[in-house]
Amino acid sequence: MPEGHTLHRLANILAETFAGRVVQVCSPQGRFAESAALLDGTRLTGADAYGKHLVVEFEAERLVHIHLGLYGSLDIGHGTAGTPRGAVRLRVVADSAYADLRGPNACELWTPPQLEDLAERLGPDPLRTDADPNRAWRRIERSRAPIATLLMDQSVVAGVGNVYRAEVLFRHRIDPFMQGRLLRRREWSTIWDDLCALMAEGVRVGRIDTVRPEHEPDVMGREPRVDDHGGEVYVYRRMGDPCLVCGTRVRREVLAGRNLFWCPRCQRRTRRGSQSGR
DNA sequence: AGCTCATGGCGAG
DNA sequence: TCGCCCTGAGCTG
């Protein structure tokens, strides 16, 4: 279950494992069978990620667009694939490696123009070198929506999910309900730079760690949460627990259909923020 | 066994 | 704003 770092990591592993090789492609579950037959026996040329979207590239400009959604998984392993377990929408096999895709939101054959359309409607992705944070800022600076909502809007920033948004706002002590238009440009720059660093580390280590080493003394006696996703976080899913920095109980509230977590003291509503209402 | 929730996003109303 | 997509893990009983 992925935020952008997971998809970039999967793209890297896919490319390392399969790029340049002729692969077998099938759809044991059947829902991608027609396209799989078209790709079977052709060369896989690469893989790339755009926000939370994964694109697997085959020869002849054939692209497979994958979105894992909330439930999807892509298991890449070495050795023999064996009998598919569960509903495997897409299986890619090379000599001694395989990849099984289960439960994706999307798995479809695309042409390059379709990928261009996607890239156009996505905001800048902190994990892509071509990303322009000013594109996001132009949306944020004129929006009355809470900054916590804007960070989750993939047309504003691509790849940020519920963990990164909660954590990056905590790290910069920003009231999640502050309207985008009340954010200072300097604050946005800081958030963006931090997202670039945090998410790049997420790609490297395969989990979301956001607790700063300099906070370790504060953390003593207050266990950082090692969440189900495997990372150490300040506020994500820690509602009711003491804040690792100030000890105040972490709060949770549903915002735009998703759980938002924050520390009401560290991320206190400022004169600016309090104008935003809820 | 059944229920709830989850790192996401689309389309209907 | 809600329902739905669709899968698995972690509860409860």
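Every chain is numbered from 1 and lettered A, B, ... according to where its sequence line falls, protein lines coming before strand lines.
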Using atom names, set out every protein N or O paired with an N or O of nucleotides 2-5 of chain C below 3.5 Å, distance rounded to 0.1 Å.
| unit_1 | atom_1 | unit_2 | atom_2 | d |
| --- | --- | --- | --- | --- |
| C:dC5 | N4 | A:Tyr71 | OH | 3.2 |

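- The shortest distance between side-chain heavy atoms of A:Arg249 and A:Asp241 does not fall below 4.5 Å.
- Among the heavy atoms of the strands lying under 4.0 Å from A:Ala87 are primed sugar atoms or P, OP1, OP2 only; no base atom is included.
- A cation-pi arrangement is absent between A:Arg238 and A:Tyr236, since the terminal nitrogen or guanidinium carbon is not both under 6.0 Å from the aromatic centre and inside a 45° cone about the axis.
- Spacing between atom CD of A:Glu108 and atom P of B:dG9 amounts to 14 Å, rounded to whole angstrom units.
- Using atom P as the reference point in both B:dG13 and C:dC5, the two lie 15 Å apart (nearest Å).
- The ring-ring contact (aromatic ring centres under 6.0 Å, His included) analysis of residues 101-133 of chain A, with sequence neighbours excluded, yields the pairs A:His65-A:Trp110.
- A:Asn162 has its CG atom 11 Å from the P atom of B:dG9, to the nearest Å.
- Remark: P of B:dT7 and NE2 of A:His67 are 14 Å apart, rounded to the nearest angstrom.
- For A:Arg237, no side-chain nitrogen or oxygen approaches OP1 or OP2 of B:dA6 to under 4.0 Å.
- Seen from the ring of A:Tyr50, A:Arg128 counts as a face-on cation partner, given the 6.0 Å and 45° thresholds.
- Residues satisfying the side chain to side chain contact (heavy atoms under 4.5 Å, CB included) test with A:Ser35, not counting sequence neighbours, are A:Phe32, A:Leu109.
- If you chain together ILVMFWY residues whose side-chain heavy atoms come under 4.5 Å of each other, A:Val93 ends up grouped with A:Tyr98.
- Phosphate proximity of B:dA6 to A:Asn259: present, with a side-chain N or O under 4.0 Å from OP1 or OP2.
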Can you pull every protein N or O that's under 3.5 Å from an N or O on nucleotides 11-13 of chain B?
none

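- Between B:dT7, C:dG8, B:dG9, one nucleotide has an atom nearer to the side chain of A:Arg102 than all others, and that is C:dG8.
- Sequence neighbours left out, the pairs with a member in residues 16-28 of chain A that pass side-chain hydrogen bond (donor to acceptor under 3.5 Å, both in side chains) are A:Arg21-A:Asp95.
- With a 6.0 Å radius and a threshold of 12 heavy atoms from other residues, nucleotides or ligands, A:Arg265 has its CZ atom at or below the threshold.
- Rounded to a whole Å, the CG atom of A:Asp153 is 10 Å from the P atom of B:dC10.
- The gap from the P atom of C:dG13 to that of B:dC5 amounts to 14 Å, rounded to the nearest Å.
- Put simply, CG on A:Leu74 is 15 Å from P on C:dT7, counting in whole angstrom units.
- Side-chain proximity of A:Met152 to B:dG8, B:dT7, B:dG9: nearest is B:dG8.
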- Evaluate the criterion side-chain hydrogen bond (donor to acceptor under 3.5 Å, both in side chains) for residue pair A:Gln267 and A:Arg173; output intermediate values, then yes/no. CA-CA 5 Å; A:Gln267 297 167 270; A:Arg173 307 297 189 265; over 6 Å; no
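- Distance CG (A:Leu260) to C1' (B:dT7): 14 Å, rounded to an integer number of Å.
- Taking atom NZ on A:Lys52 and atom P on B:dC10, their separation rounds to 10 Å, with Å as the unit.
- Checking A:Thr149 against A:Arg165 by side-chain atom types alone, no donor-acceptor pair falls below 3.5 Å.
- Side-chain N/O atoms of A:Tyr164 include none lying less than 4.0 angstrom from OP1 or OP2 on B:dT7.
- Whole-Å rounding puts the A:Leu68 CG to B:dT7 C1' distance at 11 Å.
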